[in-house]
Amino acid sequence: QVQLVESGGGLVQPGGSLTLSCTASGRTFRTYAVGWFRQAPGKVREFVARINTNGKVQYYTDSVKGRFTISRDNAENTVYLQMNSLKPEDTAVYYCAGTTIYGYSSTDKYQYWGQGTQVTVSS
């Protein structure tokens with residue numbers, strides 16, 4: 001079992017940057033792949049990025065490639081999402097999620113979810 005807590009959301013202007021953090025409780029954090037997902041009002045929750053257990057493999061949805069970077073520090077039980085060149089269409093609640101079902105980007109494969117953090121990109 002693992003508990004996940006997101007932080008770092010807020011209001012930022014278009015072109016700006018934010019870094020989100022996802023901190024986990026539990027001693028088995030290193031066995032979980034972690035994904036970031038987002039959900040805008042009236043829209044389905046969508047995949048953003050994921051990272052494997054040792055941090056050496058990362059995968060991104062096309063719309064954030066080159067702008068977002070996912071990373072993890074297993075010694076600190078934390079996964080990060082660095083977001084650069086933010087656009088209004090990035091506005092959403094961002095969730096981190098953990099899974100022992102490896103290699104997927106779909107929400108139904110993730111077993112543990114955080115509470116979400118709001119990211120608003122607006123001038």
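Every value quoted in this text rests on a predicted model; they were computed, and no experiment measured them.
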Exercise. Apply side chain to side chain contact (heavy atoms under 4.5 Å, CB included) to the pair Val2 and Gln111, showing each step before the final yes or no.
Key: CA-CA 9 Å; Val2 63; Gln111 301 156 304; over 6 Å; no
Quiz item: Going by atom types alone, do Gln82 and Ser71 pair a side-chain donor with an acceptor below 3.5 Å?
Solution: no
Quiz item: Cluster question for you: counting only ILVMFWY and a side-chain heavy-atom cut-off of under 4.5 Å, with indirect links fine, are Trp113 and Val93 together?
Solution: yes
Quiz item: Considering residues at least two apart in sequence or located in another chain, which fulfil the side chain to side chain donor-acceptor pair (under 3.5 Å) criterion with Arg67?
Solution: Asp90
Quiz item: What pairs with Thr28 under side chain to side chain donor-acceptor pair (under 3.5 Å), at least two apart in sequence or on another chain?
Solution: none
Quiz item: Would Phe29 and Tyr95 show up in the same hydrophobic cluster when neighbours are defined by side-chain heavy atoms closer than 4.5 Å?
Solution: no
Quiz item: Roughly how far, to the nearest 0.5 Å, is SG of Cys96 from CD1 of Ile70?
Solution: 9.0 Å
Quiz item: Does Ser25 offer a backbone N or O that forms a donor-acceptor pair with the side chain of Asn77 under 3.5 Å?
Solution: no
Exercise. Look at the side-chain heavy atoms of Ile, Leu, Val, Met, Phe, Trp and Tyr, link any pair under 4.5 Å apart, and say whether Val119 and Tyr80 land in one connected group.
Key: no
Report, one line per pair, each donor and acceptor closer than 3.5 Å where one atom sits in a side chain of residues 39-50; sequence neighbours left out.
unit_1: Gln39; atom_1: OE1; unit_2: Arg45; atom_2: NE; d: 3.3
unit_1: Gln39; atom_1: OE1; unit_2: Arg45; atom_2: NH2; d: 3.3
unit_1: Gln39; atom_1: NE2; unit_2: Lys43; atom_2: O; d: 3.1
unit_1: Glu46; atom_1: OE2; unit_2: Arg38; atom_2: NE; d: 2.8
unit_1: Glu46; atom_1: OE2; unit_2: Arg38; atom_2: NH2; d: 3.3
unit_1: Arg50; atom_1: NE; unit_2: Tyr104; atom_2: O; d: 3.4
unit_1: Arg50; atom_1: NE; unit_2: Ser105; atom_2: OG; d: 2.9

Exercise. Find out if a path of hydrophobic residues (ILVMFWY) with successive side-chain heavy-atom gaps under 4.5 Å connects Met83 to Val12.
Key: yes
Exercise. Mind listing the closest non-hydrogen atom pair of Ile101 and Thr99 along with its distance?
Key: N-OG1, 2.9 Å
Practice problem: Can you sort out the partners of Tyr110 under ring pair (Phe, Tyr, Trp, His ring centres under 6.0 Å), two or more places apart, ordered by chain and number? | Solution: Phe37
Quiz item: Is there side-chain contact between Thr53 and Arg30, with heavy atoms separated by less than 4.5 Å?
Solution: no
Quiz prompt | Separation between CG of Leu81 and OG1 of Thr117, rounded to the nearest 0.5 Å | solution = 11.0 Å
Quiz item: Atom NZ in Lys109, atom OH in Tyr102: separation rounded to 0.5 Å?
Solution: 15.0 Å
Self-check item: Asn74 side chain vs Thr31 backbone, donor-acceptor pair below 3.5 Å
Solution: no
Enumerate, atom names and distances included, each donor-acceptor pair closer than 3.5 Å involving a side-chain atom of residues 14-22, sequence neighbours excluded.
unit_1: Ser17; atom_1: OG; unit_2: Asn84; atom_2: OD1; d: 2.9

Quiz item: Hey, does the side chain of Glu6 reach the backbone of Gly116 with a donor-acceptor pair shorter than 3.5 angstrom?
Solution: yes
Quiz item: Which heavy-atom pair separates Val79 from Arg72 by the least distance, and what is that distance?
Solution: CG2-CB, 3.7 Å
Exercise. To the nearest 0.5 angstrom, please state how far the CD atom of Gln115 sits from the CG atom of Leu4.
Key: 9.0 Å
Quiz item: Which heavy-atom pair separates Thr91 from Val121 by the least distance, and what is that distance?
Solution: OG1-N, 2.9 Å
Exercise. Consider only side-chain heavy atoms of I, L, V, M, F, W and Y, link residues closer than 4.5 Å, and tell whether Trp36 and Phe68 are in one cluster.
Key: yes
Self-check item: Tyr60 and Asp62: CA distance, side-chain angles, deciding distance, side chain to side chain contact (heavy atoms under 4.5 Å, CB included) verdict
Solution: CA-CA 6 Å; Tyr60 303 90; Asp62 286 345; over 6 Å; no
Quiz prompt | Partners meeting ring pair (Phe, Tyr, Trp, His ring centres under 6.0 Å) with Tyr112 (sequence neighbours left out) | solution = Tyr32
